[in-house]
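From a predicted model like this one, the values you see are computed outputs, not experimental measurements.
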Amino acid sequence: MRWIVIGIACLLAGCAATVPAGFGKPSIYDADGNRKGYITEGALGQKQVRDTRGVLLYEIRD
């Protein structure tokens, strides 16, 4: 029984780690079609541009 619980926990942990940062967000691509980042909504309605790891690159203020 213990091995079943450990197996299910490992399976769930593996599935959660495979989702890339910014999944489902508007993406930014380079000229070759490689995904370079994505756009999110920040505090006070500011748009934030982040790289594929989720690191904030810059904010767009209107």
Side-chain angles (χ1 to χ4, degrees):
M1 180 68 176
R2 181 176 69 179
W3 292 107
I4 294 173
V5 173
I6 292 172
I8 291 172
C10 290
L11 180 66
L12 292 175
C15 291
T18 59
V19 177
F23 181 74
K25 305 281 186 199
S27 297
I28 300 170
Y29 295 93
D30 65 3
D32 295 327
N34 299 320
R35 185 171 181 255
K36 292 296 179 183
Y38 59 94
I39 302 171
T40 62
E41 186 80 18
L44 302 174
Q46 298 170 346
K47 294 188 188 293
Q48 298 177 338
V49 177
R50 297 182 177 267
D51 69 0
T52 55
R53 295 174 295 155
V55 177
L56 178 65
L57 297 176
Y58 54 89
E59 293 182 349
I60 302 170
R61 298 180 186 178
D62 293 333

Check Lys36 against Asp30 and note the closest heavy-atom contact, atom names and distance. CE-OD2, 3.2 Å

Does any non-hydrogen side-chain atom of Ile39 lie less than 4.5 Å from one of Gln48? no

d(Tyr38 OH, Asp51 CG) to nearest 0.5 Å is 7.5 Å

Roughly how far apart are Glu59 CD and Thr40 OG1, rounded to 0.5 Å? 9.0 Å

Mind checking the CD1-CG spacing from Ile28 to Asn34? Nearest 0.5 Å is all I need. 13.5 Å

Which ILVMFWY residues are connected to Val55, directly or by a chain of links, through side-chain heavy atoms under 4.5 Å apart? none

Does Ile60 have any side chain to side chain contact (heavy atoms under 4.5 Å, CB included) partners at least two apart in sequence or in another chain, and if so, which? Lys47, Val49, Tyr58, Asp62

